[in-house]
Amino acid sequence: MTEPSPMETCNDHSDHTAAINLKILKQCGFYQMFTPNSKKIFGWNVYLLSFIVLTVITQCLIGIGNFGFLFDLEDINTNVDLFLIIFATSFNYLTVLKVVILIFNKTKVLELLDVTDLKFLKSKHCRNNIEILYKYRDRALRLTNLYFNFCIFVLTQWITFPIMINSFVTYKKDNQRLENVINRPYLTDVNTFNKYYVLFYVFEAIIAIKSVYLVLMVDLLLLSIGWAIIVQYEVLAIAFKNIGHNENLQKDHDHDVVDDYKCFKSILFDQQKLDLKVKLYFSIMKPIVLMHVVISSVLIIMLSNSFLTVFLSTKSFTYTIVSVFKIGTGVLYIGLQLFLYCHLFDNIHSMRESVNLGIYFCNWTKKDLKFKKLLLLTMRINNANQIIMKASTKKIINLQLFGNVLMTSYNIVSVMLKTLG
């Protein structure tokens, strides 16, 4: 009997048996973009069609907002405004590209969701350690909920920022526009902009909400799958390590070396199945992560420079405090996002290496030559078949890369600070 395809089993991904927070992804309508059985209109997936329509609308709004750069306006954007516009536009395009890549690979995404199932590993020794997966699931749900709330906090703060500034700061110049979420240079005069300020504010709020929604959904999906892969490798390592050490089995007269040989092969089959999922995961993640690391590194430098510029400015105390808090949370968010991805791939690599360590610590010294040959061959294959996410031929996506990005940002911002001084 052949196994059903991912497209046929997509509805089997249950909130209760998945080691990721599928509930949020389903409630926000993101999961349904990848399932073939979602509601359709004229043959189109309703959720996918909504994404396309909303993306077209927001890109048009961004284009209208940035159109003023082509003309000389009576009011001039400051360097801080320019950096924030570049940040918001780059952040939006990066997010859209991530979702487009996932949509083109939606069949692969559905296949990857299988690895988040609590019963993905089928061997007996792996199933004996299933409590590790349940503990991980509880922790993953707490972390994703915390990350979700943090993103909503950052979004809320950026949207309410202009309201606070416009309410408490008195503008001394008549030709100055009211503060917006991102002060895009709309092709209007100051009086017209201020007269219809609510409309322009709604435009900016829609763009911000849509961008944060998409990046949040993408992060919850991809990071959660990566975390699930890590814990599956942990279960494999423990399963290999326990071979030959189970005292109850040793007392069983039916238990012999042949049983351990069969157990080893069944666990090895689970590892091969997991390795295939990891290769599939890396094939989807590579273009996403490379774009993310490069753009996030630049955005951290831009936002840090804007933070220092506002902090050292001579504007009103209220404006400075609110702006510093707003930009500061932006730097924290981008830094946290980059850290999570670097930490994720660092852990995947480390945990996969721990499988070999688990194999070595099994009770192989009391086994026959056939078992020892299989063990040695498995360790050699694992060492030769390295699965690593690389930014280049020499640079690996790990915590060291994150540290290098922070150090580079610090050096550049230090030079900027001396220049301002």
Side-chain angles (χ1 to χ4, degrees), residues 28-30 33 44-103 151-152 154-166 176-219 291-292 295-296 298-299 302-303 306 323 326-327 329-330 333-334 337:
C28 295
F30 191 75
M33 287 174 57
W44 282 81
N45 184 318
V46 172
Y47 298 91
L48 180 58
L49 185 61
S50 300
F51 162 74
I52 295 174
V53 172
L54 187 58
T55 299
V56 171
I57 293 173
T58 52
Q59 299 314 306
C60 290
L61 293 178
I62 291 173
I64 293 171
N66 295 339
F67 195 62
F69 281 120
L70 302 177
F71 300 90
D72 292 329
L73 302 178
E74 56 183 312
D75 56 329
I76 302 175
N77 287 93
T78 64
N79 290 334
V80 173
D81 290 334
L82 180 60
F83 280 149
L84 291 182
I85 292 170
I86 295 174
F87 158 72
T89 305
S90 303
F91 188 77
N92 172 76
Y93 287 139
L94 174 62
T95 304
V96 172
L97 284 174
K98 286 182 180 180
V99 179
V100 169
I101 291 173
L102 291 178
I103 290 173
C151 292
I152 297 301
V154 173
L155 173 64
T156 303
Q157 194 238 334
W158 275 63
I159 291 179
T160 57
F161 162 78
I163 298 176
M164 297 175 63
I165 292 297
N166 294 331
Q176 187 168 353
R177 303 188 185 210
L178 294 173
E179 194 74 23
N180 210 339
V181 180
I182 300 293
N183 293 316
R184 289 187 170 87
Y186 292 94
L187 192 58
T188 60
D189 58 77
V190 174
N191 292 331
T192 303
F193 178 86
N194 291 342
K195 181 178 179 180
Y196 298 101
Y197 169 76
V198 175
L199 179 62
F200 293 108
Y201 174 80
V202 171
F203 288 169
E204 300 273 300
I206 290 174
I207 297 171
I209 292 172
K210 186 255 185 181
S211 298
V212 173
Y213 160 76
L214 288 181
V215 76
L216 179 56
M217 294 297 104
V218 171
D219 287 347
M291 289 189 302
H292 183 85
I295 295 177
S296 294
V298 176
L299 293 182
M302 283 187 176
L303 288 178
S306 300
S323 298
K326 168 188 173 181
I327 300 174
T329 54
Y333 176 71
I334 297 297
Q337 197 182 34

| query | Between Tyr186 and Phe193, which heavy-atom pair has the shortest distance, and what is it? | reply | CD1-CE1, 3.8 Å
| request: Please report the C-alpha distance between Val100 and Ile103 in whole Å, then the side-chain angles of each, then the deciding distance to 0.1 Å, and finally whether the side chain to side chain contact (heavy atoms under 4.5 Å, CB included) criterion is met. | output: CA-CA 5 Å; Val100 169; Ile103 290 173; 5.6 Å; no
| message | For a quick test of reading the model, state the closest non-hydrogen atom pair linking Gln157 to Thr329 and the distance between them. | response | OE1-OG1, 2.6 Å
| Going from NE2 on His292 to CD on Gln337, what distance comes out if it is rounded to the nearest 0.5 angstrom? | 4.0 Å
| request: Kindly determine whether Tyr197 and Asn166 satisfy side chain to side chain contact (heavy atoms under 4.5 Å, CB included), including the steps that lead there. | output: CA-CA 11 Å; Tyr197 169 76; Asn166 294 331; 2.9 Å; yes
| Hey, are the side chains of Asn191 and Arg177 touching, using non-hydrogen atoms and a 4.5 Å cut-off? | no
| field | Reference residue Lys210; test side-chain contact (heavy atoms from CB on, under 4.5 Å); the match among Val96, Leu61, Val215, Thr95 | value | Val96
| Main-chain N/O of Gly63 paired to Arg184 side chain as donor or acceptor, under 3.5 Å | no
| Nearest-0.5 Å distance, CD1 of residue Ile334 to CG of residue Leu299 | 5.5 Å
| said: Could you check whether Glu179 and Tyr201, counting side-chain N and O atoms only, form a donor-acceptor pair closer than 3.5 Å? | reply: no
| Stepwise, does the side chain to side chain contact (heavy atoms under 4.5 Å, CB included) test hold for Ile159 with Ile209? | CA-CA 9 Å; Ile159 291 179; Ile209 292 172; 3.7 Å; yes
| field | Contact summary for Phe83 and Ser306, nearest pair of heavy atoms | value | CB-OG, 3.2 Å
| query | side chain to side chain contact (heavy atoms under 4.5 Å, CB included) between Ile101 and Met291: does it pass, once the steps are laid out? | reply | CA-CA 12 Å; Ile101 291 173; Met291 289 189 302; 3.8 Å; yes
| Exam field: side chain Ser211 to backbone Ala208, donor-acceptor pair closer than 3.5 Å | no
| said: Can you tell me how far apart CZ (Phe200) and CD1 (Ile64) are? Round to the nearest 0.5 Å. | reply: 9.0 Å
| field | Ile86 side, atom CD1; Met302 side, atom CE - distance, nearest 0.5 Å | value | 4.0 Å
| query | Heavy-atom distance under 4.5 Å between the side chains of Pro185 and Ile85, does that happen here? | reply | yes
| If you measure from OG1 on Thr188 to CG on Leu199, what distance do you get to the nearest 0.5 Å? | 10.0 Å
| Just how far is it from atom CH2 of Trp44 to atom CD1 of Ile52, taken to the nearest 0.5 Å? | 4.5 Å
| message | Please verify the inter-ring angle class for Phe91 with Tyr333; under 30° counts as parallel, over 60° as perpendicular, anything in between as tilted. | response | perpendicular
| request: For Asn92 and Thr89, run side chain to side chain donor-acceptor pair (under 3.5 Å): C-alpha distance rounded to whole Å, both residues' side-chain angles, the deciding distance at 0.1 Å, then the answer. | output: CA-CA 5 Å; Asn92 172 76; Thr89 305; over 6 Å; no
| query | So, for Ala205 and Val181, which heavy atoms are closest and what is the spacing to 0.1 Å? | reply | N-CG2, 4.3 Å
| said: Ring-plane angle category for Trp158 and Phe87, please: parallel below 30°, perpendicular beyond 60°, tilted otherwise. | reply: tilted
| field | Check: Asn180 side chain, Ile182 main-chain N or O, donor-acceptor pair, under 3.5 Å | value | no
